[in-house]
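When a residue number appears, it is its place in the shown sequence, counting from 1.
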Amino acid sequence: MPTQTVREPNRWAVLGLMSVAQLMVVLDATIVTVALPSAQRALHFSPESRQWVVTAYALAFGSLLLLGGKVGDLFGRKWTLIAGLVGFSGASAIGGLAQSFEVLVAARALQGVFAALLAPSALSILAVTFAGSEDRNKAFGIYGAVAGGAGALGLLLGGALTQLISWRWCLYVNLVIAVPTTIVAVGLLVNQGDPDRPHIDIPGALTWSLGLFALVFGFSNAETHGWGATATVVALIASPLLLTAFVLIERRVEHPLLPLHVVWDRTRGGAYSALLLAGAGLLATFLFLTYFVQRTLAFSPLKTGLAFLPLTIVLVITSTVVQIRVIQRTGVKPVVLLGMALAVVGMILFTQLTPTSSYGTAVLPGLLVLGIGMGCIFAPTFSAATLGVAPNEAGIASGMVNTSQQIGGSVGTSLLSTIYATAVASYVTNHSHVPGVVSAATVHGDTTAFKWAAGIFGVGFLLALLILPARCEGRPASLRAAVARFGIGNCGHEESEEGAAVTGPPASREPALVP
């Protein structure tokens with residue numbers, strides 16, 4: 001296998017560049033949320049259709065991420081990253097110019113396609129750049145803080161742009177970020193791919209992408225057409241069948257799209273599970289809180305964005321402190337468990353909202369608790385999910401990180417939106433003669449969704465407890481062990497007699513990797 005070349009003087013510049021790329025990708029998952037009411041008035045689409053502006057992006061992004069990571073591994077991450085940046089810019093321009101709902105949704109889906117090239121390339125470049133380095137914890141602490149805080153920052157930026165300029169600038173702003181990032185990437189990065197370039201696993205790519213697409217589409221369609229709709233039923237039946245076929249294909253194909261030992265490993269599997277459920281709870285929370293503060297508290301778009309700023313601040317601080325100062329002493333598992341528990345508490349606080357609640361006493365405490373919880377989840381899991389993989393599989397491991405977040409966010413938003421709509425309709429039916437029933441019903445829908453979100457984070461706590469190994473440090477055990485594993489340290493894995501970390505199930509270990 002080819003050796004990895006890292007240009008030491010550019011290491012922190014690479015971190016800065018990859019953080020900007022990740023910022024743009026995560027930003028776009030939420031930046032249009034605050035702008036949705038304005039876009040809805042301008043393009044005249046129904047309230048039932050609004051979720052597709054958010055879901056179209058996450059749907060294309062999540063279903064194609066694994067393929068995007070594989071393309072980066074095979075053909076080189078530098079040019080895959082640049083292709084993603086250029087395509088993302090073009091799709092954003094189309095969305096900003098959209099004069100109809102259909103064009104806007106199509107542009108958002110196209111953004112997701114190119115984000116699927118961009119995001120795994122960025123994370124895998126970071127993983128191999130800091131492989132074996134004592135600064136790896138610090139780098140992933142910063143990167144995790146950016147990735148975790150970008151969602152809330154998107155709400156702030158979206159609110160500012162919508163109120164001060166136009167909702168269309170929530171899409172145009174990507175050109176401001178992507179164009180200079182592309183220019184810097186061309187001169188800074190070195191292209192590194194697999195010189196053997198084995199064939200892409202087409203059957204695996206099709207079953208994986210279609211399986212995830214069917215999963216998200218089924219939940220999304222349930223909100224607008226009901227659980228009994230033919231399209232909903234067909235999609236939710238097809239999804240597990242397609243994903244089962246994917247696993248069977250990957251077990252037999254010579255060059256799998258997803259080498260199964262990447263996810264069978266307890267550390268990485270636990271990290272992916274935590275990110276899946278955290279994404280499901282967090283993105284849905286952003287959507288419901290955005291509408292609550294604008295509809296019930298009468299906040300402007302800019303004020304709405306500012307309302308989420310405390311969450312961003314504590315999340316960034318917590319992520320950095322946890323990854324640099326805490327994990328070395330405790331390991332990943334206790335920190336992730338604490339984060340899930342705090343997220344449950346945050347959701348319980350949100351269930352106490354009423355039509356007369358105020359921001360300072362009812363919304364802010366939950367945001368602060370949730371921000372600390374997410375800070376305890378994102379940075380440790382980002383780091384742990386990319387440890388112990390060879391460089392030619394770094395894109396796949398990185399793709400699974402973003403896939404977990406995006407698919408979790410898509411399914412969580414769709415599922416909780418359906419629960420919200422059902423709760424609102426039921427409340428109106430049972431309280432039709434009560435004054436102010438509409439306002440009370442919408443808040444009842446919000447609190448019902450938050451109760452289910454608390455349950456999602458509770459499941460995340462249990463899965464992290466059961467799956468993550470007790471000793472998972474999230475950092476290289478030693479420089480020697482890191483070098484022995486292509487510069488990537490161990491994280492709760494077994495060790496060979498010589499002390500080098502060995503990952504994956506016994507059948508997947510390659511003797512050449514052990515010194």
Side-chain angles (χ1 to χ4, degrees), residues 26 29-30 144-145 147-155 270-290 292 307-323 326-327 330 332-353 362-385 401 404-413 415-416 419-420 446-468:
V26 179
T30 59
L153 182 60
L155 298 174
Y272 298 143
S273 299
L275 286 168
L276 178 80
L277 291 163
L282 186 62
L283 289 183
T285 299
F286 284 160
L287 181 63
F288 293 117
L289 279 181
T290 295
F292 176 81
F308 285 93
L309 189 58
L311 182 148
T312 306
I313 293 172
V314 297
L315 190 153
V316 169
I317 293 173
T318 304
S319 290
T320 307
V321 171
V322 160
Q323 188 69 10
V326 178
I327 278 183
T330 65
V332 166
K333 185 171 185 174
V335 178
V336 173
L337 290 175
L338 175 61
M340 290 292 181
L342 288 173
V344 171
V345 173
M347 292 300 106
I348 291 174
L349 291 175
F350 290 141
T351 63
Q352 308 307 306
L353 294 175
V363 178
L364 181 59
L367 288 176
L368 294 175
V369 173
L370 184 62
I372 296 172
M374 292 300 100
C376 291
I377 294 171
F378 281 121
T381 51
F382 268 51
S383 180
V401 169
S404 300
Q405 280 187 293
Q406 293 301 321
I407 294 300
S410 299
V411 172
T413 299
L415 175 63
L416 294 181
I419 291 169
Y420 164 86
D446 291 332
T447 55
T448 301
F450 291 135
K451 289 176 184 177
W452 279 79
I456 289 173
F457 284 115
V459 173
F461 180 93
L462 291 176
L463 289 181
L465 181 67
L466 295 173
I467 299 175
L468 284 172

For A362 and L353, the nearest pair of non-hydrogen atoms, with its separation, is CB-CD2, 3.6 Å

Shortest non-hydrogen separation from L289 to F308 and the atoms involved:
CB-CZ, 3.6 Å

Taking only residues two or more places apart in sequence, or in another chain, which ones meet F350 in a ring-ring contact (aromatic ring centres under 6.0 Å, His included)?
F450

Compile the donor-acceptor pairs under 3.5 Å between side chains in residues 275-287 and protein atoms, sequence neighbours left out, one pair per line.
unit_1	atom_1	unit_2	atom_2	d
T285	OG1	G281	O	2.6

Listing, residues 339-349 side-chain donor-acceptor contacts under 3.5 Å, not counting sequence neighbours, or none:
none

Once side-chain contact (heavy atoms from CB on, under 4.5 Å) is applied, do any residues pair with I467, and if so which ones, sequence neighbours excluded?
S273, L463

How would you list, by chain and number, every residue that makes a side-chain contact (heavy atoms from CB on, under 4.5 Å) with P334, sequence neighbours excluded?
T330

ring-ring contact (aromatic ring centres under 6.0 Å, His included) partners of F457, counting only residues at least two apart:
none

State which residue, out of T447, T448, D446, fulfils the side chain to side chain contact (heavy atoms under 4.5 Å, CB included) condition with Y420.
D446

Considering only distance and modelled atom types, tabulate donor-acceptor pairs under 3.5 Å from the side chains of residues 374-382, sequence neighbours left out.
unit_1	atom_1	unit_2	atom_2	d
T381	OG1	I377	O	2.6
T381	OG1	F378	O	3.0

Which residues pass the side-chain contact (heavy atoms from CB on, under 4.5 Å) test with L462, not counting sequence neighbours?
none

Apply side-chain contact (heavy atoms from CB on, under 4.5 Å) to L368 and list each qualifying residue two or more places apart in sequence or on a separate chain.
P310, V314, L364

Do you know which two heavy atoms are closest between L367 and A307, and how far apart they sit?
CD1-O, 3.2 Å

